[in-house]
There are 2 protein chains.
Amino acid sequence: MMLKLATNIKYYRKQHNWTQQQLANELAISRSVIAKWESGDVLPDLMALIKLSRLFNKPVDHLLGIDSENDQLLNDFQQFYQTNGDNESTIDETLLNTIDYLVKNPLLKEQIERLSHLSIKQQKAVQRILQTTLNEAERL
Amino acid sequence: MMLKLATNIKYYRKQHNWTQQQLANELAISRSVIAKWESGDVLPDLMALIKLSRLFNKPVDHLLGIDSENDQLLNDFQQFYQTNGDNESTIDETLLNTIDYLVKNPLLKEQIERLSHLSIKQQKAVQRILQTTLNEAERL
DNA sequence: TCCTTTAGTTCTTAATAAGAACATTTTACT
DNA sequence: AGTAAAATGTTCTTATTAAGAACTAAAGGA
């Protein structure tokens, strides 16, 4: 199961312009715990999660990334790109997830931005590297 | 923090006409764990909670009882009883919680039903007993 | 570049949930 | 009502996993 919790905690913490320490203070726990939540090493317990939900004013389901708030957005996208649910479409849930991922990983977003400005040849070269790197990583 | 999780798990399990064993099978865990969740002794871990959410088709927030789905209902109630949010009103969140509690505790609901059919004197007697019993219990 | 702040990691300890076995209660049937 | 079977509740032990402290690494600013 792919949880977005770690990313989300970090994302919303930053939205509030809080350091890990500040968030830790809000929750009355130690800072290193926050770090581990955000790294995905450790899952917060239920009570902590509920506190986060209140602090960030987001439903627990949303923090976990298991809500279907996306559905409306997905429709809009399909409207916009006029790919009305036919099989050829690349506008699917996967895209939404990817977008979400980018939104919450500004560095990567910036990298792709830069990538898009390279020459086609350069883009392909980068993509080849990425490909082999990913293959490698996934074998572990 | 008052969690309704225990009650909710039991409630929705019964709605599905499942025994603890059946639910345990669905989740691939041991039955005694379910019993402890429902007794409120133990909180399920996050992953189990998410599975429950999917199994029952209820948002996690709802299982936890921290959602504000009540708000609409509360409005309707106030309309119905024409107590438009003024301070005198007894139609408040507390009532909704109580109703919810009754809905999920059929035995108690039935008891109150029966109580309401007693004579006024008898009702008062029962309430006195309840009162002292509660006082006693709360002192522990 | 150096210093300060912030974030990540490791190791140990403490908390807590899971499971098995046993006890109690409820249900169904006669 | 009486009994057997099923369902649920409880206790105790074991295993899991998160919390915290201390240390390390990285980032940001003068």
Side-chain angles (χ1 to χ4, degrees), chain A residues 1-56 60 63-64 104-111 114 137 140, chain B residues 1-56 60 63-64 104-111 114 137 140:
Chain A
M1 162 154 306
M2 180 50 203
L3 275 194
K4 296 195 199 144
L5 182 60
T7 308
N8 281 340
I9 292 175
K10 185 169 202 164
Y11 178 72
Y12 290 116
R13 173 173 65 79
K14 296 225 151 151
Q15 271 212 340
H16 285 251
N17 275 107
W18 284 341
T19 67
Q20 289 182 346
Q21 185 60 61
Q22 286 173 302
L23 179 55
N25 292 344
E26 293 287 337
L27 300 171
I29 61 173
S30 95
R31 187 200 55 78
S32 63
V33 172
I34 308 281
K36 278 180 284 191
W37 292 350
E38 292 185 356
S39 76
D41 273 5
V42 161
L43 290 173
D45 69 28
L46 258 180
M47 289 313 180
L49 184 61
I50 292 171
K51 285 185 196 167
L52 285 171
S53 165
R54 289 213 286 229
L55 218 47
F56 294 149
V60 171
L63 288 184
L64 294 172
K104 289 169 182 170
N105 290 276
L107 177 57
L108 181 58
K109 199 201 71 186
E110 187 200 319
Q111 290 171 331
R114 284 161 57 199
L140 303 182
Chain B
M1 163 157 306
M2 180 50 201
L3 275 193
K4 296 191 198 148
L5 182 61
T7 308
N8 281 341
I9 293 176
K10 186 169 203 163
Y11 179 72
Y12 290 117
R13 173 173 66 78
K14 295 224 154 154
Q15 270 211 341
H16 285 252
N17 276 107
W18 284 342
T19 67
Q20 290 181 346
Q21 185 60 63
Q22 286 173 301
L23 179 54
N25 292 343
E26 293 287 336
L27 300 172
I29 60 173
S30 97
R31 186 198 57 78
S32 64
V33 171
I34 308 281
K36 278 181 285 191
W37 292 350
E38 293 185 356
S39 76
D41 274 5
V42 160
L43 291 173
D45 69 27
L46 258 181
M47 289 312 179
L49 185 60
I50 292 171
K51 284 185 196 168
L52 285 171
S53 165
R54 290 213 285 229
L55 217 47
F56 295 149
V60 172
L63 289 183
L64 294 171
K104 289 170 182 169
N105 290 275
L107 177 56
L108 181 58
K109 198 202 71 184
E110 187 201 316
Q111 289 171 332
R114 284 162 57 200
L140 303 183

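These values consider heavy atoms only, across backbone and side chains, with no hydrogens, waters or symmetry-generated copies. Letters A, B, ... mirror the listed sequences (proteins, then strands); counts begin at 1.
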Closest heavy-atom pair and its distance - [X], [Y]:
{"X": "B:L46", "Y": "A:P44", "answer": "CD1-O, 3.7 Å"}
{"X": "A:W37", "Y": "A:A6", "answer": "O-CB, 3.2 Å"}
{"X": "B:N17", "Y": "B:Q22", "answer": "O-OE1, 3.6 Å"}

Supply the atom-to-atom distance [X] [atom1] to [Y] [atom2], rounded to the nearest 0.5 angstrom.
{"X": "B:F56", "Y": "B:Y11", "atom1": "CZ", "atom2": "OH", "result": "11.5 Å"}
{"X": "A:L49", "Y": "A:R54", "atom1": "CG", "atom2": "CZ", "result": "11.5 Å"}
{"X": "B:L5", "Y": "A:I50", "atom1": "CG", "atom2": "CD1", "result": "8.0 Å"}
{"X": "A:Q15", "Y": "A:K10", "atom1": "CD", "atom2": "NZ", "result": "14.5 Å"}

Roughly, in whole Å, what's the span from [atom1] in [X] to [atom2] in [N]?
{"X": "B:E38", "N": "C:dA18", "atom1": "CD", "atom2": "C1'", "answer": "16 Å"}
{"X": "A:N17", "N": "C:dT5", "atom1": "CG", "atom2": "C1'", "answer": "15 Å"}
{"X": "B:Q20", "N": "C:dT24", "atom1": "CD", "atom2": "P", "answer": "17 Å"}
{"X": "B:Q22", "N": "D:dA6", "atom1": "CD", "atom2": "P", "answer": "13 Å"}
{"X": "B:H16", "N": "D:dA7", "atom1": "NE2", "atom2": "P", "answer": "18 Å"}
{"X": "A:I9", "N": "C:dG8", "atom1": "CD1", "atom2": "P", "answer": "12 Å"}

Those residues at least two apart in sequence (or on a different chain) that pass side-chain contact (heavy atoms from CB on, under 4.5 Å) with A:N25 are A:Q21

Going 5' to 3' through nucleotides 17-30 of chain D and flagging B where a protein heavy-atom sits under 4.0 Å of the base, S where only the sugar-phosphate is that close, and - otherwise, we get -SBBBB--------

At how many degrees, to 10°, do the end axes of the helix from C:dT1-D:dA30 to C:dT30-D:dA1 meet when each uses five pairs? 50°

